[in-house]
Asker: 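Let me begin by handing over the structure; questions about it come next.
Given the structure is predicted, the values throughout are model-derived calculations rather than measurements. These numbers come from the heavy atoms of this one structure, side chains and all, not from hydrogens, waters or symmetry mates. Chain identifiers are assigned alphabetically (A, B, ...) following the order of the sequence lines, protein sequences preceding nucleic acid strands; residue numbering begins at 1 within each chain.
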2 protein chains.
Amino acid sequence: MADSPESQSFCCPDHSGHAPAQAILAQAESRVKSHGLRLTPVRRRTLEILLQAHGALGAYDVLEQLAADGFGAQPPVAYRALNFLVENGLAHRIRRLNAFTACAHPGHDHRAAFLICETCESVTEAPSDAVGAALGVAAQDMGFALSRATIEAVGQCRDCIARETADQRTIA
Amino acid sequence: MADSPESQSFCCPDHSGHAPAQAILAQAESRVKSHGLRLTPVRRRTLEILLQAHGALGAYDVLEQLAADGFGAQPPVAYRALNFLVENGLAHRIRRLNAFTACAHPGHDHRAAFLICETCESVTEAPSDAVGAALGVAAQDMGFALSRATIEAVGQCRDCIARETADQRTIA
DNA sequence: TATCTTATGTTATATCATAACAGTCAAGGC
DNA sequence: GCCTTGACTGTTATGATATAACATAAGATA
Ligand SMILES: [Zn+2]
Ligand SMILES: [Zn+2]
Ligand SMILES: [Zn+2]
Ligand SMILES: [Zn+2]
């Protein structure tokens, strides 16, 4: 993990938007309960794993960690927990990466958009009400009833842009 | 295929936005040539297959048809042709479906958004300049340099909504 | 406790995608 | 023409992602 001690489990720029893991886990627990569901040990641990991760994790990466913690070692174990989290708004699936990431601001329903950095592979969850609204309009124009959407942008994050600029200066 | 004779190769609602296949193929040929590349037989046939398809096709569906036409029968044959088409703006990859679809209006650069019907599995390419713009703003706010994006909406298409409404009336 | 429901773990298999290499073909220089 | 060169095609093999189906275990209900 190699975390700096003051940030319990957050370690990289893509997590700057996150509330502390403790808070999110507690919130997740109550949110799930209020839907008559349970945040079982595998599910809870899966969420923790996502919260601690740099960027997004593949299902098999999660599985590896779950297995190391004594949970089942077969793919369905990870996929079930991950799908549960996604269905309950605690995590998101990043289709372009075949990967999953903890939701950066769970609790309030939101259409999420993701910014995927090609350089550092970080994944940032951006507010996307405006994007969602524009998409809603486009859909409506086609007579299409929109139920949900995947919005994923690929490019370069602020930190990597800054780093690259700095490198340029060093060379010159 | 069960096509009506007047529509050469288009058979379902999601193709209503398409120009005739002949025109698209000719256009594709010249477009590709102008980039110093070749629309070889496999590539051309792959584009035809996509143009004739209902909805989007998986790589292995395309492969099956290519093999039936005497082309190679191994996955790379299909993936290479499909990737070529995508890179040259002649087709799009639909990540949510792990599938590919012919571009409905090739030739002019465009940020495409896709409307995926959960009922009939059709895939419609919607104009999305507004959505792209909104996403650009959201990205900029985060200091993110956007290079390209995946925008995929899931819901129900016009035809399926109409059909469902009609069914409701029949029952009542 | 008996029963019902939900969740977990396992085996097995399906589906999607690429690495690596060998043969083929077309275009340009001689 | 003929040879070099680079682009394209085909093949084998393997990797990566995801789910079906069923047996067991743990919570909830009465
Ligand atoms: Zn979120
Ligand atoms: Zn970055
Ligand atoms: Zn298009
Ligand atoms: Zn439909």
Asker: If you measure from the Lys or Arg side-chain nitrogens to the Asp or Glu carboxylate oxygens, is any gap between A/R44 and A/E29 under 4.0 Å?
Answerer: yes
Asker: On DNA chain C, does the nearest nucleotide to A/A73 precede the nearest nucleotide to A/F84 from the 5' side, or the other way round? Give the residue.
Answerer: A/F84
Asker: Less than 6.0 angstrom from the centroid, inside 45 degrees of the normal: does A/R93 satisfy that with respect to the ring of A/F100?
Answerer: no
Asker: Is the backbone of A/N88 close enough, under 3.5 Å, to the side chain of A/R31 for a donor and an acceptor to pair up by distance?
Answerer: yes
Asker: Any ion pair linking B/R111 and B/D129 (charged N to carboxylate O, less than 4.0 Å)?
Answerer: no
Asker: Mapping A/V42 and A/N98 onto DNA chain C by nearest heavy atom, which one lands closer to the 5' end?
Answerer: A/V42
Asker: Grab the NE2-P distance between B/H35 and D/dC8 for me, whole Å please.
Answerer: 14 Å
Asker: Hey, which sits more toward the 5' end of DNA chain D by its nearest nucleotide, A/R80 or A/G58?
Answerer: A/G58
Asker: What is the distance from CG of A/L82 to P of C/dA7, rounded to the nearest Å?
Answerer: 16 Å
Asker: What is the distance, to the nearest angstrom, from the CZ atom on B/F71 to the P atom on D/dC8?
Answerer: 15 Å
Asker: Round to the nearest Å and state the distance from B/L39 atom CG to D/dT9 atom C1'.
Answerer: 15 Å
Asker: Between B/E118 and A/R148, does any side-chain N to carboxylate O distance fall below 4.0 Å?
Answerer: yes
Asker: Please state whether the base of C/dA14 and the side chain of B/Y60 form at least one donor-acceptor pair under 3.5 Å?
Answerer: no
Asker: Which is true for A/R38 with a 4.0 Å heavy-atom rule: it touches a base, it touches only sugar-phosphate, or it touches nothing?
Answerer: sugar-phosphate
Asker: C/dT18 C1' sits how many Å from B/L63 CG, rounded?
Answerer: 14 Å
Asker: Calculate the interatomic distance between B/R44 atom CZ and D/dT9 atom C1'; express it in whole Å.
Answerer: 18 Å
Asker: Strictly below 4.0 Å: does B/T40 bring a side-chain N or O up to OP1 or OP2 of D/dT9?
Answerer: yes
Asker: Expressed in angstrom and rounded to an integer, what is the separation of A/F100 atom CZ from D/dA16 atom C1'?
Answerer: 13 Å
Asker: To the nearest Å, give me how far apart CG (B/L97) and P (D/dA18) are.
Answerer: 14 Å
Asker: With a non-hydrogen cut-off below 4.0 angstrom, is A/R93 in contact with a base, only sugar-phosphate, or nothing?
Answerer: sugar-phosphate
Asker: It should be established whether A/Y79 places a side-chain nitrogen or oxygen under 4.0 Å from OP1 or OP2 of nucleotide D/dA18.
Answerer: yes
Asker: Is the phosphate of D/dC8 approached by B/R43 (side-chain N or O, under 4.0 Å from OP1 or OP2)?
Answerer: yes
